[in-house]
Each structure stands twice: as structure tokens, then as C-alpha cells.
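First up is the structure itself, then whatever we jot down about it.
Worth saying up front: this structure is predicted, and the values here are computed from it rather than measured.
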Amino acid sequence: MKKPSSKEKKSQAKKRPTSTADAQRMPRSTCLAWAKTVVQFWQICLQNEGDQKPTRLVVLDLNPSDTESMWMLMQEIKRHYDQTGLRLPWTYVVCEKDEENRRRMREHPYLSHAAENGQFDTCSLPFNSQENADLSLYLDCQAYDLAQEIQVENTAIAVLAGQGFKHFPSELFHIHHGKIFSAQNNADIHSEIAWQELRIEEENEPDLAYYLQRYREKMSSAPVSIPLEAMRFLDLLVQHPTCAYLVLTRDFGAVQLDQIRNGAVSFQSASGNLAPLFNFETFSHLQERCGAWVHHFQWGIEREVEHLSCRFMPAQYAQHDQHADDAIETLSHQFDGLISTLGQAYGLKEHIASSLTHFEQTSDAACLSLFKACAFDPYFCLEIIQKIDLDQWRIARHRLPVWHESLDTIWENYFPNTRHEDAANLPSELGSFAAQIGHWRLAKHCLEISLELYGINHFDILCYALCLAETGDCSAALTLLRSYPEFEQESPAYAQCVREYQARINDWRENAHFEAPATANTELRLEPLGKQHSEGFLGQYRDPQIALMTRLPYLDTAQQYETWLASQKAEKGKHLFAVVHQDLGFVGVVCVHQAASSGFFYFWIGCDFQDRGYGQQAAHMLFTWAQAQGIDHLYTSVFDSNLRSSKSLAALEFAVINIQAQAPDEAWVFQHRALTSGSTLDEKTKIAQLVQLCEDIDSPLIF
């Protein structure tokens, strides 16, 4: 069957909903850089001597709504942490005010296993803040009998805020002719702000008075935002002498005092409303006053700011002596290393956008490089995939396994989230593309997710039916298609698919030699080799050694394959079967050429699936079928130098017989296997039967 066209796929995608959530999602390259930075920070902390080593490692994610980014961060932290050889347990804790959202996250199938292992948990805001600044994280996973509280002392904690400190309100101040007006943004976007005049006493609010005085000196009639609640939260971390912390946040904001001028709080958000810029200038100033190193990247005032602040164990450099100076110098270099790691996140989207501008000139090898360049970010990769037209642009067969591995990696980084409408595109798009290039296992899995989470549509059903048919279950594919007769009436491609699958099944039924139940096991199926196997056959036949060892002709195009297949089917008594795997699709061929009660047997397994036992399984399935057709004895041949095939045939209970063919076939070794118990032949009878069989099937062998 002709696979669904790229044009139809893209027209289907246009009907799917989109949202502005993608503009807020962190690219995977940023997740990758953040994960490396977090693990590198932990490594530095664990290099301390004696009592100053942390006893617990925590990631505190303040923005759980972006679950895709959270999932990618968790995966990348785990990968990098496992590579370090460190053994200290770490926990990824997500903060969320809403208990229902916390419960939903803990029960998500992607996260529940991590929760059971203590590597994922949730906690609520606000935190426990006592007079002695005892900051504790009260965790939620009571069902798993884990520790319910994390004390911040002796903890290396990484605080992540992928969209700014959105859980903390941002205080807004407007300075006009020396007067201060205040308002508050409660983490929601407001188009109108209610200002009230504020009188502040320095002794009650010394920090706020300090910052407002700085603004009074620099500007008049200017609004500013000061993230006081976020700073108070970090103050609790600062007050613990044995707590090391890393803060990573990204948001639209101002990082210099001269950027905070009239209009600074009026950033035009993606939703069309006004939102305040995060005041990184004030935030950074406070962090520095508390003894942290601070660094940030900014690509223009209308671009996001990537902010890094870090304080290692203070006791390392608390004493003013030579040892402390050396420690500070060492930590300064280590902080520079964190900056370098973090810097890897920049310039990616522009690079991808530039590459996609001239995509029609891109080869499939260059496309694989783009996947790698964007760190297999699911949504960047989706942009790339949507531009590929496989009707015009073919992927080299030898690179298909690499494509399959790349799609697997892209899918691993996808987090199913029904709350993000734009996420609905990826399972369908990736699934249909995987089907286009024969990655049936992934295609079925993606399409199952799409159909379950995002509803039934004719294109996903059509692609899923194709996957079933190409992995050995044509009857199930036809049943699925006929379950939705309305699609058959609406879509010509859908109706054509129904007709083709029915015709294929009818053709098999007319072949009296084919008995489906006898030619299937839990993993593999045998089905008559046909035109529908063209792409799979040519892809797995690309190794020239297969043709050499099986004495088959050179085949490289669909036309050559179909011509050869027609000639094979024209030979009386010749039965060729495709070996089809339930997840991998076409993996090889088994054949028997029958004459009376004997047959000449051969098989081959494709270059991507050898040494997995598929040849042995398929051969035994063919033996069962051959017995039902009245075949008692099988013969085969192998080159005397082909030790690998000789070993396989020995495992199939074939035994060498003492006969040699004339030139140019004198290097062949002939073997025999009895299919029925008690059907033994002496050597002379085996030789005579082989010679007669070769005459009956018009073999070119001469003895």
C-alpha cells in the first residue's frame, strides 16, 4: 500500500490546535545546559573536605506548569549524574500551590515510578519559615513512606525558575516627582495596575528603602518592579551557613539600572496583555550582598535573561587567611566553569531557524545533524520534520537505522501533557513520520498516545492501520479501518486503503498453501512475499553479502524487485514468505521450492536484524508449514567458507551430505534435514533425492 503522503500529513496537522505555551517552554538545549550546570555544582560541593560536604542534593523547581521542560530537566540531570559516579541520593522537588495539580503530577505514569524511588516529589508554597529561619520543604509523597521533610542544612540545593519566580508576587513601584506609589502583581498578568501612594519607614523596610532610594536618585516618573518575596525566600537559604545553593532562572527582565526607565514594566506578553519585567538588576544586587557569585546573559532588552547565582558552602572561605584566599580563587574558577556550561544554551533557535530557511537544499544527513544540534528537542525537531516531504526527498537506506535512533531520542524527551494543546501535534506528527520511514514500533506507540489523549481522526487511524499491516496483522488493520465507516466515505485515501487490505487478504486466502495460524508466533509472522514488502526488502537487502551468499540477483529499485518477484512466483512449487516482526516490520525472507515430498530451502535475515534469533524462529515456522504441505525432507546449500551460516544450519539440525556440484558451484556444501520423525534416509538415497529435486525445480546445479 502507498503510505500516506506528506502533503496529507501536513494538512492534517494544520487542523490541530495550537497555543502560546510553546513560547514559554525552554528549549531542550537550555534544559541540557541547566542539567549540566546543576550536576557540576553538586560535584563542586561534594569536593569539600570533612564536615562541609552536603549530605543531600535537591533540585527545587518553582515552575511546574511547564511539565515538558521539567521532564527533560529530570532526564538530563539523571543522565549526567549517573555519568559522574556520585552515589549521594538526589530529589527533584516541584513546588505548586494547587494540591490537585500536585496530585496529578505524582500520579502521572511518567513520574510515579520516580516518586516511588524517592527521586521525584512535590511540595506546596508558602514554605515553613520560623523565627530562627528554619527553612524546611514539606513533601507530599506520603504513600511511598519516604522522609516527609527536607531540612536545608547540609544540603546542596539548586533552585530553578524557568519562567521567573512566578509563584512569588512582584511588588511594583512608581516614582513620580519624588513620591512613591505601590502596587502588586500576584503572579498573574494584569493589563491595569491600581497604584497607591506609599510611605515607607527605613527602619521597618531597610532593604526596600535602600533600593527605592537608588531609583529616586536615577529617575523620575518611572515604574520599577522589585521581587521582594522571591528575595525573602532566598534570604532563608542565605542564612544557613551550611547550605550551598545555585539559582537558575530565565525571564524577560532588566539587568542594568539604566534599563529601568519609563515603560520597563510594560512588556507586551504573548497573550497580548501587559506583564512586568522581572527586575534582575535588584535581584542580582541582593545576591551579591549575600556573598553569592552572580552572572547573567541577555540578548537585548526584549530578549530573555538567563540568570545564574551561586553560593558554595560559606565555611570554605569564612576565615580571612591564605587558605581561604586559595579556596576563593579555586571556587571562582569553578564558578567560571558553571558560566561556560550555561553558555551552551544560546544561539540555538536562531541557528535552527537559519537552517530551515534553506531547508529544500538540506540533505538527510544534514537533517540528522540539525536534530543533534538542537539536542533532540521535541518541538524544534517537529519544526524540522514538518518541512520534510518524503514524496520528493528520499532518505538513504543505510541511514535509516540512525534516523530511527534519532526519532527514539526525540520521543524520549516528549512529556505527554493534556493541558498543553500544542502538545497534541507531536505524537501524531512524529508517529506519522516514523511510519513514513518504517519505524513501526515507535509509530504505533506515538499514534496510540495521540488517539488516546487527543481524540480520533482519520489520518491517525489510517497511519495506525498501516503500522498494523506492515507488522504482520493485516486483518486487524482492516478491522480497525472498518470501525470508522464515516472516514471511508469522507477520505478517498482511506477508502483506497480499505480496498487494498481486503484485496491482499483475499489473495492470501486463494493461496491454498498459506495457513496463517500455522505461520505465526508471539513475535514473528510469515506472510506471502508481495509488492507491499518492496521498501522493507530493499532496505534489508542492501548488504551485498546477502545476494552473494543466497545467489540472488542485484536488486536496488522497486521496479527491479517487482520484476524479480514476478519471476519467482511464476516458478511452480516455489513459496516465498516475508518474515515480519510485530514491532520491526520486515526482517527477512524464508523460501522453500517444493517438488513432491522434498523441498530446497533457504533463508536470509536483513542486515539490521541479524544475530537476534529471528532466522531460527522463522525457519522453524516454515518447517511447521512445510510438514502440513506434505514435505518430509528439506535440502539446502551453503558456501564452505560461510562458517556463520553453517553454524545456523547446524542449530536447525541440518547435516552435511557427501556430494559435490560441478564448476562453478564446487564450493557449495549440501545439507539435509528430515521434517518428520522416523523418516530416515541413507546417504545414497539423500543424494539421489537431492539430484532429482534439482532437476524437478530446474536448478542450475549440475552434479
Side-chain angles (χ1 to χ4, degrees), residues 503-504 506-516 518-519 525-534 536-538 540-541 546-580 586 588-606 615 618-619 621-639 645 649 652 654 659 661-662 664-665 668 670-673 675 686-703:
R504 188 187 304 179
N506 292 341
D507 181 60
W508 292 352
R509 287 171 178 167
E510 291 173 2
N511 288 296
H513 65 268
F514 181 66
E515 296 290 340
T519 57
R525 289 176 181 264
L526 300 186
E527 57 186 40
L529 191 65
K531 292 182 180 180
Q532 69 273 13
H533 300 115
S534 172
F537 184 103
L538 294 173
Q540 295 309 313
Y541 188 72
I546 295 176
L548 179 65
M549 295 301 177
T550 56
R551 299 189 71 176
L552 294 174
Y554 173 80
L555 302 172
D556 187 55
T557 67
Q559 183 59 52
Q560 290 173 341
Y561 167 78
E562 291 180 12
T563 301
W564 169 80
L565 181 63
S567 68
Q568 296 293 294
K569 289 189 172 183
E571 296 186 35
K572 183 180 179 181
K574 196 162 197 176
H575 310 296
L576 292 101
F577 295 94
V579 183
V580 182
F586 181 97
V589 169
V590 291
C591 174
V592 64
H593 202 162
Q594 180 182 6
S597 62
S598 61
F600 206 93
F601 161 77
Y602 78 83
F603 76 103
W604 60 267
I605 297 299
M621 291 160 62
L622 183 68
F623 297 163
T624 300
W625 170 84
Q627 279 186 278
Q629 307 307 308
I631 298 176
D632 297 324
H633 298 274
L634 285 179
Y635 296 87
T636 191
S637 59
V638 62
F639 276 119
S645 293
L649 289 172
L652 290 170
F654 277 88
I659 186 174
Q662 297 181 19
D665 301 309
W668 288 97
F670 296 92
Q671 302 190 30
H672 164 268
R673 185 191 194 280
L675 291 183
K686 293 177 186 176
I687 293 173
Q689 193 175 70
L690 171 62
V691 172
Q692 185 61 49
L693 173 63
C694 290
E695 290 180 3
D696 292 343
I697 63 176
D698 295 326
S699 169
L701 293 169
I702 301 175
F703 298 97

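Distance NZ/Lys531 to CD/Glu562: 5.0 Å, rounded to 0.5 Å. With values rounded to the nearest 0.5 angstrom, Met549 atom CE is found 7.0 Å from Ser645 atom OG. Atom SG of Cys694 is separated from atom CD1 of Ile659 by 8.0 Å, given to the nearest 0.5 angstrom. The distance from the CG atom of Leu526 to the CH2 atom of Trp625 is 10.0 Å, given to the nearest 0.5 Å. Summarising the geometry, atom SG belonging to Cys591 is positioned 9.0 Å from atom CZ belonging to Phe577; distances are rounded to the nearest 0.5 Å. Rounded to the nearest 0.5 angstrom, Gln629 CD and Leu675 CG are separated by 11.5 Å.
Between Glu571 and Ser567, the side chains place no donor N or O within less than 3.5 Å of an acceptor N or O (distance only, hydrogens not considered). Side-chain N/O atoms of Asp696 and Gln692 include a donor and acceptor closer than 3.5 Å.
Gly606 approaches Ile546 most closely through the heavy-atom pair CA-CD1, 4.3 Å. The heavy-atom pair separating Pro553 from Ala547 by the smallest distance is O-CB, 4.2 Å. Considering all non-hydrogen atoms of both residues, Ile697 and Ala595 come closest at CG2-CB, 4.2 Å. Between His533 and Glu527, the shortest heavy-atom distance links the atoms NE2-OE2, 2.6 Å. Pairing each heavy atom of Gly599 with each of Leu693, the nearest pair is C-CD2, 3.5 Å. Closest approach of Leu622 to Val590, counting heavy atoms only: CD2-CB, 4.0 Å.
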Trace of the side chain to side chain contact (heavy atoms under 4.5 Å, CB included) decision for Gln689 with His633: CA-CA 9 Å; Gln689 193 175 70; His633 298 274; 3.4 Å; yes
Verdict with reasoning, Trp604 to Gln540, per side chain to side chain contact (heavy atoms under 4.5 Å, CB included): CA-CA 10 Å; Trp604 60 267; Gln540 295 309 313; 4.2 Å; yes
Please report the C-alpha distance between Phe670 and Lys686 in whole Å, then the side-chain angles of each, then the deciding distance to 0.1 Å, and finally whether the side chain to side chain contact (heavy atoms under 4.5 Å, CB included) criterion is met. CA-CA 10 Å; Phe670 296 92; Lys686 293 177 186 176; over 6 Å; no
Using the ring-ring contact (aromatic ring centres under 6.0 Å, His included) rule, take Phe601 and Phe603 through it: C-alpha gap first, then chi angles, then the decisive distance, then the call. CA-CA 7 Å; Phe601 161 77; Phe603 76 103; 5.6 Å; yes
Before you tell me yes or no, could you show the steps for Arg551 and Trp668 under side chain to side chain contact (heavy atoms under 4.5 Å, CB included), namely the whole-Å CA-CA distance, both residues' side-chain angles and the distance that decides it to 0.1 Å? CA-CA 11 Å; Arg551 299 189 71 176; Trp668 288 97; 2.6 Å; yes
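Counting heavy atoms from C-beta on, the side chains of Thr557 and Leu538 never come closer than 4.5 Å.
Aromatic pair Tyr541/Trp564: ring centres not closer than 6.0 Å.
A donor-acceptor contact shorter than 3.5 Å is absent between the side chain of Lys572 and the backbone of Gln594. Remark: side-chain polar atoms of Gln560 are paired, donor with acceptor, to backbone N or O of Asp556 under 3.5 angstrom. A distance-only check finds no donor-acceptor pair linking the side chain of Gln568 to the backbone of Leu576 [under 3.5 Å].
A salt bridge does not link Asp632 to Arg673: none of the charged side-chain nitrogens sits closer than 4.0 Å to a carboxylate oxygen.
Checking each of Leu634, Leu652, Val638, Leu690 against Gln671 for a side-chain contact (heavy atoms from CB on, under 4.5 Å) leaves exactly one that passes, namely Val638.
Classification of the His672-Tyr635 ring pair by plane angle, with boundaries at 30° and 60°, yields tilted. Note: Phe586 and Phe537 have tilted aromatic rings, judged against thresholds of 30 and 60 degrees for the angle between ring planes.
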